[in-house]
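Below is one structure; the comments refer to it alone.
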Amino acid sequence: MDKNVENVIQPNKKYFTCNICGEIFYHKLLLEIHFQTHKKGKSYSCYVCHKGFSQKNNLYQHLRTHTNEKSFTCDVCHRGFSQKISLNRHLGTHTNEKLFSCDACHKGFSEKSNFNRHLRTHTNEKPFSCDVCHRGFSDKSNFNRHLRTHTNEKPFSCDVCHRSFPRKSNLNQHLRTHTNEKPFSCDVCHKGFSEKSSYNRHLRTHTNEKPFSCDVCYKSFSQKSHLNRHLPIHTNEKPFSCDMCHKGFSQKSILIQHLRTHTNEKPFSCDVCHKSFSQKSHLYRHLPIHTNEKPFSCDMCHKSFSWKSILNQHLRTHTNEKLFSCDVCLKGFSLKGDLFRHLRTHTNEKPFSCDVCHKGFSDKSSFNRHLRTHTNENPFSCDVCHKGFAQKVNLNQHLRTHTNEKPFSFDLCL
């Protein structure tokens, strides 16, 4: 036996403990093997990615990540695993056995490694530190994934389109774009999702749960990304600037969306009518017009909506709630978009320009209506006489010629 191993073994009736990292083993031989991981020498190297290993067995297990070989199968659900330890961890999901319990919150865990990682959420301990940016991590797996952001290493490749990913979970999510598989289904509205994170976010639209709270104003959000977008309004920090108009933005994603107003790029296309959109969210809002699905209903007027966000905006028309206020004239608005359009009346900004006559417009809806004067497009049609109109308001006025409705009366003639 290695003399160094003898020095770190603490014999006990039931277990042996490593003095270096404190890990417990129930056999002396396992501790001897474990001790080799503390030695600097890594004699075995992967011929694919050149990663080094101190034990030959660990190298063999690692090679399966490249060959995708899964020799160990679960007898319950027949899921395959490349390592036996991964299979053993998985089996706990079927037995629901949780041997390790947290003294702080009493949450149970079936694996000691998960239990140890959880404890750090209470102590805020981050033992793994990045040498490049000095960012700390509470568990090694997140630390290893973070390192790839500096090395740009993408070891997981798609066999269909050969696109590479830094994480295996990212590859698995990407593969569903080829198979259109949606394994996560909502029990309430039966909508399917290809990613569990998207599924969990969707569930909050039904429960109205908002677990992410702002430490400054205590406003709550259903998604962490929404909280991150909200935080810069307190610091007024805008580190991302447009090279064309020099407008500043608090997030890179918003800058990318803004750039499309200059390039008129519309990368998101509807599979039904092939209409294109500059933002993915706009495409999602558009899709229900084909299915006519409106699962969200107003309790006051029973009007239905395709999206909960639009229902929330509609509810303000009943409560007259105006969350957004103009800093110049203090006028209040129930919708953020209305505030932005109003601000342009003070700045005289007209970001939408006609390529034909070069006339400028402060809002996109006015711009789109103007374009129809050049194309002679009449998208609004009368169901009675089939006459077409360029604007919806003109159609509504025309309909009164059929119904003989006269909503406006003159007081002096009564």
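Being a predicted model, the structure only gives us computed values, none of them experimental.
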Using side-chain heavy atoms (C-beta onward) and a distance below 4.5 Å, is C301 in contact with H314? yes
Within the 4.5 Å heavy-atom criterion, are F305 and K294 side-chain neighbours or not? no
Minimum side-chain heavy-atom gap C74-L87 below 4.5 Å: yes
Taking atom CZ as the centre, does R344 end up with more than 12 heavy-atom neighbours from other residues, nucleotides or ligands that are less than 6.0 angstrom away? yes
Set out, in order, the CA-CA distance, both residues' side-chain angles and the distance that settles side chain to side chain contact (heavy atoms under 4.5 Å, CB included) for N320 and K322, then state yes or no. CA-CA 6 Å; N320 202 28; K322 296 180 179 179; 3.6 Å; yes
Quick one: OG on S138 to CG on N116, what's the gap to the nearest 0.5 Å? 11.5 Å
Looking at N394 and F389, what are the two nearest heavy atoms and their distance? CB-CD2, 3.9 Å
Atom CG of L343 and atom CZ of F324: how far apart are they, to the nearest 0.5 Å? 12.0 Å
Less than 4.5 Å apart, side chain to side chain, heavy atoms only: is that true for S278 and T261? no
How close do S194 and P183 get, heavy atom to heavy atom, and via which atoms? CA-CD, 4.0 Å
Is the gap between the ring centers of H230 and F221 under 6.0 Å? yes
Is the shortest side-chain heavy-atom distance between L255 and L259 below 4.5 Å? yes
Show the numbers, then the answer: is there a side chain to side chain contact (heavy atoms under 4.5 Å, CB included) between L339 and C326? CA-CA 7 Å; L339 170 61; C326 173; 4.1 Å; yes
Measure the shortest side-chain to side-chain distance between H290 and C273 over non-hydrogen atoms and say whether it is less than 4.5 angstrom. yes
At what distance, to the nearest 0.5 angstrom, does SG of C298 lie from CG of N312? 10.5 Å
Before you tell me yes or no, could you show the steps for S169 and N172 under side chain to side chain donor-acceptor pair (under 3.5 Å), namely the whole-Å CA-CA distance, both residues' side-chain angles and the distance that decides it to 0.1 Å? CA-CA 5 Å; S169 59; N172 291 336; over 6 Å; no
Any side-chain heavy-atom pair from C186 and H202 closer than 4.5 angstrom? yes
N170 side, atom CG; R163 side, atom CZ - distance, nearest 0.5 Å: 9.0 Å
Would you give the length of the straight line joining atom CD of Q391 to atom OG of S366, rounded to the nearest 0.5 angstrom? 8.5 Å
Result for side chain to side chain donor-acceptor pair (under 3.5 Å) between H262 and one of E265, R260, H258 points to H258
Worked check of ring pair (Phe, Tyr, Trp, His ring centres under 6.0 Å) between F361 and H370: CA-CA 9 Å; F361 297 88; H370 166 79; 4.8 Å; yes
Parallel, tilted or perpendicular: which one describes the rings of F128 and F143, with boundaries at 30° and 60°? parallel
Applying side chain to side chain contact (heavy atoms under 4.5 Å, CB included) to L395 and L399, what does each step give before you reach the verdict? CA-CA 6 Å; L395 169 61; L399 287 172; 4.2 Å; yes
Heavy-atom closest pair, residues S353 and F367: O-CE1, 3.4 Å
Return the CD to CG distance between Q279 and L283, rounded to the nearest 0.5 Å. 11.0 Å
May I ask you to test the F81-R79 pair for a side-chain heavy-atom distance under 4.5 Å? yes
